[in-house]
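Notes for the one structure printed next.
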Amino acid sequence: MNVECLVKGRDLVGESPVWHPEQRCVYWTDINGFKIHRYSAEKCELKSWSFDAPVSTLSLTTAADWLLVATGPRLILWSPTGDRRVHFTQPERDWPYNRLNDGACDPSGVFWVGSMRNNVGADGSDVKVEGFTGSLYRVNAEKQVNVADSGFGITNTLVWSPDRTRFYCACSIRNIIYVYEFDATESLVSNRRAFVKDSLPGVPDGSAMDEDGCLWNCRYSGGCVLRISPAGRTVETIRIPVSNVTNCGFGGQDLRTLYVTTASLGAGRDEKLAGGLFTMRTEVPGMGPARFRLSAATASLLVGI
């Protein structure tokens with residue numbers, strides 16, 4: 001595939017690329033840089049916003065101008081128009097020892113987010129990760145937080161199969177991608193088992209899902225994206241010209257552009273594109289990002305802000 005560097009940034013740890021169809025732009029974060037970026041290819045315009053804690057993941061919401069943002073231990077609603085910020089809830093209570101990491105909305109509009117031992121210093125420096133203190137949280141429109149699973153080292157890869165029967169979630173430290181049965185009616189998971197274990201190169205980071213049910217898994221320290229079939233077999237390896245490939249998401253009007261984030265933290269001296277945002281065109285369309293379903297009360301509140 002023709003892999004191109006769309007934005008030659010130097011994100012410390014780029015993450016969570018999300019295509020915004022109304023704005024025709026892509027958002028993503030820099031976890032250790034405490035930032036959110038937005039890039040419009042049509043306008044060739046890049047804009048960034050700073051936060052006071054690591055920003056790990058983003059989600060569209062049913063209010064088009066507002067995004068759900070995981071920063072440190074909490075979730076906030078954020079609008080780039082006027083840089084408006086509203087506290088939503090705090091799933092992770094063991095802050096600053098733990099923080100939120102990867103997250104996504106399920107097809108019903110419920111938000112799922114994993115946590116991990118906080119590996120980000122106050123200045124954005126890298127801190128060693130120890131232990132398996134991460135949890136998998138389920139957050140609904142009424143701000144109810146439930147622990148769906150626990151015992152993760154670094155929680156990554158939160159995606160659903162096109163038929164809504166499977167949920168995938170990874171532990172990077174264990175080098176395992178798990179698959180669960182998913183109840184779309186109740187937004188519940190069960191029967192966790194290993195989907196891909198001890199795969200090389202690198203370890204599993206973030207992922208995206210295509211219409212054929214294949215998982216596009218970014219490999220941190222592996223320099224590539226693996227396309228993995230529903231049977232757990234790697235059917236394609238797409239090389240990225242940097243070591244630390246962190247996350248990906250489908251976008252563009254036809255959902256055939258894959259956006260890929262990377263990290264400059266821990267990269268080799270010769271990796272001049274590390275921390276950049278990459279793109280590639282795919283033959284199979286991807287599954288577009290689901291939106292967090294806001295309650296009527298929250299949506300009404302946002303109108304007045």
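Side chains are part of it too, since the values below use all heavy atoms of this structure and drop only hydrogens, waters and symmetry mates.
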Does the plane of the ring in W49 sit parallel, tilted or perpendicular to the ring in W78? Use 30° and 60° as the thresholds.
perpendicular
Describe, in one word, how the ring planes of F111 and F292 are oriented to each other, choosing from parallel (under 30°), tilted (30 to 60°) and perpendicular (over 60°).
perpendicular
Could you identify which residues cluster with L255, counting Ile, Leu, Val, Met, Phe, Trp and Tyr as linked when any side-chain heavy atoms lie under 4.5 Å apart, either directly or through a chain of such contacts?
none
Transitive ILVMFWY cluster of V127, excluding itself - 4.5 Å side-chain cut-off
none
Got a second to check how far [X]'s [atom1] is from [Y]'s [atom2], nearest 0.5 Å?
X    : Y    : atom1 : atom2 : answer
R193 : Y178 : CZ    : OH    : 13.0 Å
Q23  : T81  : CD    : OG1   : 6.5 Å
K47  : D83  : NZ    : CG    : 8.0 Å
D183 : T165 : CG    : OG1   : 11.0 Å
H87  : K143 : NE2   : NZ    : 7.0 Å
M280 : L258 : CE    : CG    : 5.0 Å

I'd like to know if the side chain of [X] pairs up with that of [Y] as donor and acceptor (distance under 3.5 Å, no hydrogens or angles considered).
X    : Y    : answer
S79  : R84  : yes
R227 : T234 : no
R117 : N119 : no
N217 : S207 : yes

Backbone N/O of [Y] and side chain of [X]: donor-acceptor pair under 3.5 Å:
X    : Y    : answer
D30  : L12  : yes
S40  : C25  : no
D212 : C214 : no
R256 : T282 : yes
R138 : S187 : yes
D11  : A263 : no
T29  : S16  : no

Run through T261, V242, L6 and flag the one making a side-chain contact (heavy atoms from CB on, under 4.5 Å) with F278.
V242
Below 3.5 Å, can you tabulate the donor-acceptor pairs from side chains in residues 147-155 to any protein atom, sequence neighbours excluded?
{"unit_1": "D149", "atom_1": "OD2", "unit_2": "Y180", "atom_2": "OH", "d": "2.6"}
{"unit_1": "D149", "atom_1": "OD2", "unit_2": "R192", "atom_2": "NH1", "d": "3.2"}
{"unit_1": "T155", "atom_1": "OG1", "unit_2": "S115", "atom_2": "O", "d": "2.8"}

Would you say that R219 contacts T237 through its side chain, given a criterion of any heavy-atom pair below 4.5 Å between the two side chains?
no
Can you confirm whether T246 sits close enough to Y220 that some side-chain heavy atom of one is under 4.5 Å from a side-chain heavy atom of the other?
yes
Suppose we call two aromatic rings close when their centres sit under 6.0 Å apart. Are Y259 and Y39 close by that rule?
no
Joint cluster assignment, V235 & F195, ILVMFWY side-chain distance < 4.5 Å
no
Heavy-atom nearest pair, H20 first then A64, reads NE2-O, 2.7 Å
